[in-house]
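Letters A, B, ... mirror the listed sequences (proteins, then strands); counts begin at 1. Heavy atoms only: backbone and side chains are in, while hydrogens, waters and symmetry mates are out.
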Amino acid sequence: MAALTAVSWCWFLTLAIGLSLLKCLLITTYHSTDFEVHRNWLAITHSLPVSQWYYEATSEWTLDYPPLFAWFEYGLSHIAKYFDKEMLVIQHLNHASPATVLFQRLSVILTDIVFIYAVRECCRCVNGRKESKELLKEPAFILAVLLLWNFGLLIIDHIHFQYNGFLFGFLLLSVARLLQNRHLEGALAFAVLLNLKHIYLYVAPAYGIYLLRSYCFTKSAPDGSVKWSSFSFTRLVALGTIVCSVFAVSFGPFIAMGQLPQVLSRLFPFKRGLCHAYWAPNFWALYNAVDKALSILGLKLKLLDADGASKASMTGGLVQEFRHTVLPSVSPLTTFICTLVSIIPAVLCLWRKPQGPRGFLRCLIICALGSFMFGWHVHEKAILIAILPLSLMAVDNRRDAGIFIILTTTGHLSLFPLIFTAPEQPIKILLMLLFTIYSLASLQRLFRKEGSLLSWLEAVYLTGLVPLEVFCEVVYPLTSWQQTLPFLPLLLTSVYCALGVTYSFFKLYLSMLTEPEGMQKRKDQ
Amino acid sequence: MPDWSLVSLSVLFGLTARWAVSLNSYSGAGKAPMFGDYEAQRHWQEVTYNLPVEEWYFNTSDNNLLYWGLDYPPLTAYHSLLCAHIAQLINPDWISLHTSRGYESISHKLYMRATVVAADLIVYIPAVLLYSLYFSEGSSKKKVSTMLCMLLYPGLILIDYGHFHVCFPQHWNTYNCVSLGFALWGVLGLALGWDLCGSLAFCLALNYKQMELYHALPFFCYLLGKCTRKGLTGKGLTHLLKIAGTVAASFVLCWLPFLADPAQALQVLRRLFPVDRGLFEDKVANTWCSLSVLVKVKNLLLPQTQLKLSFAATLLAVLPSCIKLFVHPSVRGFKLALVTCSLGFFLFSFQVHEKSILLAALPVCLLISEIPFISTWFLQVTTFSMLPLLLKDGLLLPYIVTSLAFLLISITLLSALEQTSEEDLKLKQLFTRRRKHMPRFNAPLLAKSGYVLSVLCMAVLSFLSAALSPPARLPDLFPVAISLFSYVHFVGFLIYFNTIHLTEISSKKTQKKTS
């Protein structure tokens, strides 16, 4: 057994080191404004006292992450000064000297160690199959590749520039701890994560309910429902202490200084539009598209007033505020209610019949996807919150593997517009092909005995992405539509991908609601 | 996983590495006008597109040969012409006569890179694919590993995709993948037994870059040896005549526009072999440059004597292997002879450039599945020997990354470090025969420690030359140290490859005897 773990360490290290080397090659590639955002935060945390952090507004990229992340930047800034002191001056907007680029890129690559460790922990939770001797068919190996070499994470962190690897490290670590039934550590990791980036609040309901139900209640009734008498008060206190102390460390100083409203106003800006400049492939993209189609139809049939159907909305998306012409407009409250409605059944199901850590994982993914589908001003990057945990389930059973293929392919393709500079196009396409081919081939191989992963309709849909991409990248620039319909490629991509994401959302929901039978079947066997 | 997915993944990896390396040289763009290889390539497109064929190699009012004049065989010129026609469709400014000199823009750079990728995809990568899948040893997984290693060999990637703008004259350029790819197709043809196709492919390689002459002797000896085997009067003669016909025909085809006028052909030849450039340039890890640390041969002897001396030395170095190949023509021996001959040429011939080591690296790549330990070691040293050049290009980061990646995959995928027994090193025969005369020693341990020591030295030297500035009295300290270090290795490898080539067939005989 010891020899086996030594061997497994070896391949894992090879994967991780190989990946880090690839990341190093991408150091000089294009970086987005997020690069300047993080440089600015380095400067703010380094040169100002804590009390000023959330008030500073020289740059338009004000600090809008929770305090722990600010402290993280503070720590980084102490290394940054050895690379280039100029980047730590707030007034040096858009400072991007080679040393600055090197430092920022290296900081992302090195903090990814958290992610690599978390992936290792996740791989441990996967039970190997006895019949396969080949490493390439080992679920743990496949999972490691799917997580480490995730296309979205690679291009967002190492080309576009963000610290998602580091953050997802905490998320996966907490998931792994819960899978290992080390609830307190899992809760700690998640509390830290929440204080690093608050977008993960979307999946907090799954955590809250699961910990309450499966940790604070020590026993279930025979039919799987709650046994109220088994409530353990000490466990609740332990859990509460851990979570609250993390929040106290993070927000405490700001509460003491009376700055909490200011901090919160920075964290939750509601001035933005329903959709991001480029529509994330979610329900609202479909909604907008239907609205647009109806308005065009209305104009054609002379049912609508030509002036009323605003010309501005034709270029839609370029304008932050999207005005609906036919369908009713959407307010933040509506999206909030929709999100809540979409996740409540899943959370309820988790409460009624927890089905162990796997049920929690499924609920977490549904929460992430639900808020992605219906949330206000959702970024296309948020799809990763669903994709990465779903990788864990994909190597577990065939149905989830099929959902994984559809969700990752559409979700990843919808990230394409993030990288739009010409030199990076080949890299983007090559990395996407690498990941997609690997995930398809390896998962199909893993579940070979259980039949095909995709139905023919799904396969046709996914194949359709190729002509779509060819049209958007090659054909479209040659046509005259470039002047008249500038938004067309983005619109097509996001609507087409939205179909796939929506489909996998419903399929996932269906699997959650029908899971008990599957579980029973397995037990019977 | 089915084979096709692993194969396509490896190819995708190779392409990703190539493109990622090419992105790294963008950083320096726009700071200084780009001259050197990049401008040379662009200028050739300009010349071949705008001027009639007769003027390509001549100094005319429209074609100043001193300004990056064409000094490659006709196939390179045709390739430039093809690229120029495509460039014309995209943006005529890139290749307009005179006015386009020193042209530089992001999209043009992308276009130039794309032409390299296209050439690589059409010529080199398919050849590597076929070779590693059909002619390398081991299981299917091992074959894919071999392929990945060959595709990720750092030297070729760095030179073809990273090295694009350096300001000093030299006799080499990008698109090495084309000439090396054609040579590889030649090897494939010979290995398959399709001698005519093989020689055709090799003729194309020769007509793309004259440096392919480094590989010419083994091709010649192998084919001649094979013909003599068949009997020089009967079957062998017709076979020989067929091969000769193919070679002549392919040469005539390539040189057709220049054959009408003998002056044309002579001028092309003069452009291809400029002997007035001196024994060596820069710091190169061959004998003459290393010797110059002790004796300045360049100043002591007349250029003509230098030429003769280097010719004699080269001939001596490659002769044993060639004779062996002629007497016992075998595919394995052919590959080994390719290594020894190109290495011999690199070490002793006249006017060698650092990048010529790629010609020796290609045949070593072919041996990577048979002798992984020595091959990967050799390939590491070749990349290292080009470090001074890469540093001038600002390619330090890609150099480190690709070298480490190559080390990683050679150790993990090919398990190079574990294959160090006498058997694996193909030295068993020699050792058992000479056991009485030699003291007993632990070959694997010796080999391994030598390897580790050598890699450590490379790491330290790389670090020193990148991080420190040399003392004022010895400005060339690090390049000289690097070239000396590599030279010692290359001599060692030359001896090693010669040994295993010369002891090879007899070992088969003894095997037969014992069985």
Side-chain angles (χ1 to χ4, degrees), chain A residues 7 10-30 96-98 101-102 105-106 109 132 134-138 141-142 145 149 154 158-159 421-446 448, chain B residues 1-29 105-111 113-114 117 139-141 144 148 152 154 157-158 161-162 394-409 411-413 415:
Chain A
V7 168
C10 182
W11 63 256
F12 187 81
L13 268 182
T14 308
L15 277 180
I17 296 173
L19 178 68
S20 303
L21 289 173
L22 178 68
K23 291 171 184 169
C24 290
L25 270 188
L26 299 177
I27 282 179
T28 49
T29 52
Y30 147 86
S97 66
V101 174
L102 185 70
R105 291 283 196 198
L106 279 184
I109 294 170
S132 74
E134 224 181 305
L135 178 64
L136 289 176
K137 294 177 199 161
E138 199 68 39
F141 178 83
I142 296 173
V145 179
W149 288 78
L154 255 179
H158 302 279
I159 298 180
T421 46
E424 280 78 14
Q425 296 303 311
I427 281 284
K428 171 175 99 173
I429 292 166
L430 286 171
L431 287 176
M432 173 81 179
L433 280 177
L434 266 175
F435 184 81
T436 312
I437 290 178
Y438 178 80
S439 53
L440 251 175
S442 61
L443 289 176
Q444 183 65 71
R445 181 75 172 207
L446 189 61
R448 197 179 29 174
Chain B
M1 202 181 301
D3 252 353
W4 65 264
S5 64
L6 279 182
V7 171
S8 51
L9 287 176
S10 314
V11 173
L12 285 173
F13 263 121
L15 287 175
T16 310
R18 279 162 169 72
W19 197 265
V21 166
S22 84
L23 290 179
N24 274 273
S25 60
Y26 278 80
S27 54
S105 76
I106 293 281
S107 50
H108 184 236
K109 249 175 267 170
L110 271 178
Y111 172 70
R113 292 293 185 204
V117 178
S139 62
S140 65
K141 236 164 75 182
V144 175
L148 189 63
L152 288 184
I157 298 182
L158 289 171
Y161 291 86
L395 290 174
L396 179 66
L397 181 77
Y399 159 75
I400 297 172
V401 170
T402 51
S403 301
L404 285 180
F406 187 74
L407 189 69
L408 183 76
I409 56 173
I411 290 176
T412 54
L413 288 183
S415 48

Exercise. So do the side chains of B/N24 and B/Y161 get within less than 4.5 Å of each other, counting heavy atoms only?
Worked result: no
Problem set entry | Under 4.5 Å from a heavy atom of chain A, the part of B/L15 involved | both
For this session: Please find out if less than 6.0 Å separates the ring center of A/Y438 from that of A/W149.
Result: no
For this session: Test B/V401 against B/V21 for side-chain contact (heavy atoms from CB on, under 4.5 Å), laying out the working first.
Result: CA-CA 10 Å; B/V401 170; B/V21 166; over 6 Å; no
Problem set entry | Region of B/T16 in contact with chain A, defined by heavy-atom distances below 4.5 Å | both
Problem set entry | Side chain, backbone, both or neither of B/L408 within contact of chain A (heavy atoms, under 4.5 Å) | side chain
For this session: Measure the shortest side-chain to side-chain distance between A/K428 and A/T29 over non-hydrogen atoms and say whether it is less than 4.5 angstrom.
Result: no
Exercise. For A/I27, is it the side chain, the backbone, both, or neither that has a heavy atom closer than 4.5 Å to a heavy atom of chain B?
Worked result: side chain
